[in-house]
Number of protein chains: 2
Amino acid sequence: MSVGRETRLSAWIERFAAHFAEEGIPLIGGRILGYLLVCQPVERTAAELSQELEASSGSISTNLKYLVNVGLVTKRTRRGRQAAEYRINEKAWTDFIQRKLNAIASVQLLTDDGMRLLSGDPERAMRLKAVDHLYGWLSEELPALWERRPASPK
Amino acid sequence: MSVGRETRLSAWIERFAAHFAEEGIPLIGGRILGYLLVCQPVERTAAELSQELEASSGSISTNLKYLVNVGLVTKRTRRGRQAAEYRINEKAWTDFIQRKLNAIASVQLLTDDGMRLLSGDPERAMRLKAVDHLYGWLSEELPALWERRPASPK
DNA sequence: GATCCCCTTCGGTCGACACTGAAATCATCG
DNA sequence: CGATGATTTCAGTGTCGACCGAAGGGGATC
């Protein structure tokens, strides 16, 4: 007997959340992200998320606030509806990833400052130079690569 | 009256450590890294690091073990010397960065699995598809970019 | 304005992890 | 083999952050 699609999807959501937990996103935040990526219908209220994901209303609220803040989720309120509806904002994933790439490239600012402090002592600067060289290259190439990113599929 | 170079370097080390602390590397581990990148002479014993960085011998030991493990620092023991000497391994920075890039690209494995679970329901898969598309592109381009990385400067 | 939901806020708990310092371990040398 | 000096191990402490659930506040409907 095979497991149902929804069961497998919830296992997938858990894997999804686990991955982002390693990157510092709270587990429940990751679950919300994964869930909103595959749920039907696409919009959910906080109460629904709380029930589906078996998390307290407080945790849902905190994490939604965070996700809305970074743009990965959008909140929609409607007149005549007391409950706000939340949905994934696929568009924001580009910014999300760009921030990660920038974080890597930004080390170059650090190594650069370090090199300045060691100017006049090339011998001593050798170790830092090797690292600076690599990050210098990345800070050139990563933004350039990013410019070539494809548009979203239709 | 201007501050000395060593004072400014220790401030730089602190910034350096702070950056990597955000990426999950313990503060003391980051300090060791920064310090070993600029110290003169290049090799230090655990006891010296403990004194210079004002950290307990235990913390130094734990963090050196971690740094040696990921390859960023190498340990050298010498006959006739009870104290091991530690130094930066500039070469290992490439692997270190590659792991970061891989971590980003590896999300594609997740989105791919998700797409499989939603096959047969293109409507519902639309949101995930947008994200999968982006990560698919990254998982092509990042390794390709990495292949073009420059050799260390002489 | 009273009622009813729903959401957010907030105090409190729990677990994880960095760090310390002392004790145990290990290697070298007399 | 004992002494010495260095490192690793380990138990204990403190901090931080995720999470919960109850209390409070804001809309919407009547």
Side-chain angles (χ1 to χ4, degrees), chain A residues 13-36 39 41 43-70 72-87, chain B residues 13-36 39 41 43-70 72-87:
Chain A
I13 290 169
E14 205 57 25
R15 278 209 297 143
F16 192 86
H19 174 95
F20 288 102
E22 287 186 358
E23 301 192 1
I25 292 181
L27 203 46
I28 294 185
R31 288 195 187 110
I32 294 175
L33 273 186
Y35 184 76
L36 288 181
C39 65
E43 286 182 314
R44 290 294 149 104
T45 65
E48 287 167 343
L49 291 169
S50 174
Q51 179 155 21
E52 285 290 330
L53 302 176
E54 295 175 81
S56 72
S57 61
S59 288
I60 295 294
S61 176
T62 302
N63 280 279
L64 277 177
K65 188 174 181 179
Y66 165 72
L67 292 172
V68 168
N69 216 40
V70 300
L72 288 172
V73 169
T74 51
K75 173 181 188 173
R76 187 173 65 143
T77 55
R78 292 160 83 178
R79 289 194 307 184
R81 292 274 175 83
Q82 53 280 46
E85 313 229 279
Y86 296 89
R87 66 154 78 193
Chain B
I13 291 169
E14 206 56 25
R15 277 207 298 145
F16 191 87
H19 175 95
F20 288 101
E22 288 186 358
E23 301 193 3
I25 293 181
L27 203 47
I28 293 183
R31 289 196 185 111
I32 294 174
L33 273 186
Y35 184 76
L36 287 180
C39 65
E43 286 182 316
R44 291 294 149 102
T45 66
E48 286 166 343
L49 290 170
S50 174
Q51 179 154 24
E52 284 289 330
L53 301 176
E54 297 174 80
S56 71
S57 61
S59 288
I60 295 294
S61 175
T62 302
N63 280 279
L64 276 176
K65 189 176 184 177
Y66 164 72
L67 291 172
V68 168
N69 217 41
V70 300
L72 289 173
V73 168
T74 50
K75 174 181 186 173
R76 186 173 64 147
T77 54
R78 294 159 81 177
R79 290 194 307 185
R81 292 275 176 84
Q82 53 279 53
E85 313 228 282
Y86 297 90
R87 66 151 81 192

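Order of the sequence lines fixes the chain letters, A, B, ..., with proteins taken first and strands second; residue numbering starts at 1 for each chain. Atoms considered below: every heavy atom in the structure, side chains included; atoms not considered: hydrogens, waters and symmetry mates.
Looking at A:Leu36 and A:Arg44, their side chains come closer than 4.5 Å, going by heavy atoms from C-beta outward. Annotation: side chain of B:Tyr66 is not in contact with side chain of B:Thr62 (no heavy-atom distance under 4.5 Å).
Every pair passing salt bridge (charged side-chain N to carboxylate O under 4.0 Å, His left out) that includes a residue from residues 14-28 of chain B is listed here, sequence neighbours excluded: A:Asp113-B:Arg15, B:Glu14-B:Arg31, B:Glu23-B:Lys100.
A:Leu49 has its CG atom 14 Å from the P atom of D:dC19, to the nearest Å. For the pair B:Arg44 CZ and D:dA6 P, the computed distance is 15 Å after rounding to whole Å. When the P atom of D:dC19 is taken as reference, atom CG of A:Leu64 falls 13 Å away, rounded to whole Å. Residue A:Tyr66 contributes atom OH, which lies 13 Å from atom P of D:dG17 at whole-angstrom precision. In this structure, B:Leu67 atom CG and C:dA18 atom P are separated by 12 Å, rounded to whole Å. Distance, B:Glu85 CD to D:dA6 P: 12 Å, rounded to whole Å. Atom CD of B:Glu54 and atom P of C:dG21 are 12 Å apart (whole Å). Atom CZ of A:Arg78 and atom P of D:dG27 are 18 Å apart (whole Å).
Among the heavy atoms of the strands, none lies under 4.0 Å from A:Ile60. At the heavy-atom level, B:Tyr86 lies under 4.0 Å from the strands shown only through sugar-phosphate atoms.
In this structure, B:Ser61 reaches the D:dT8 phosphate: one of its side-chain N or O atoms is under 4.0 Å from OP1 or OP2. Residue B:Lys75 places none of its side-chain N or O atoms closer than 4.0 Å to OP1 or OP2 of D:dA6. For D:dT7, the OP1/OP2 oxygens have no side-chain nitrogen or oxygen of B:Ser57 closer than 4.0 Å. Within the structure, every side-chain polar atom (N or O) of B:Ser56 is placed at least 4.0 Å from both OP1 and OP2 of C:dC19.
Listed candidates were C:dC7, C:dC19, D:dT7. Nearest to the side chain of B:Ser59 is C:dC19. Here C:dC19 is the nucleotide among D:dT7, C:dC19, D:dC19 with the atom lying nearest to any side-chain atom of B:Asn63. Among D:dT7, D:dC20, C:dC19, the nucleotide with an atom closest to any side-chain atom of B:Leu27 is C:dC19.
Taking all atoms of both residues into account, the shortest heavy-atom contact from A:Ala84 to A:Thr77 is CB-CG2, 3.9 Å.
Across the interface with DNA chain C, nearest-nucleotide mapping of A:Ala83 and A:Thr62 shows A:Ala83 to be the residue nearer the 5′ end.
Within a 6.0 Å radius of CD in A:Glu43, other residues, nucleotides and ligands contribute more than 12 heavy atoms.
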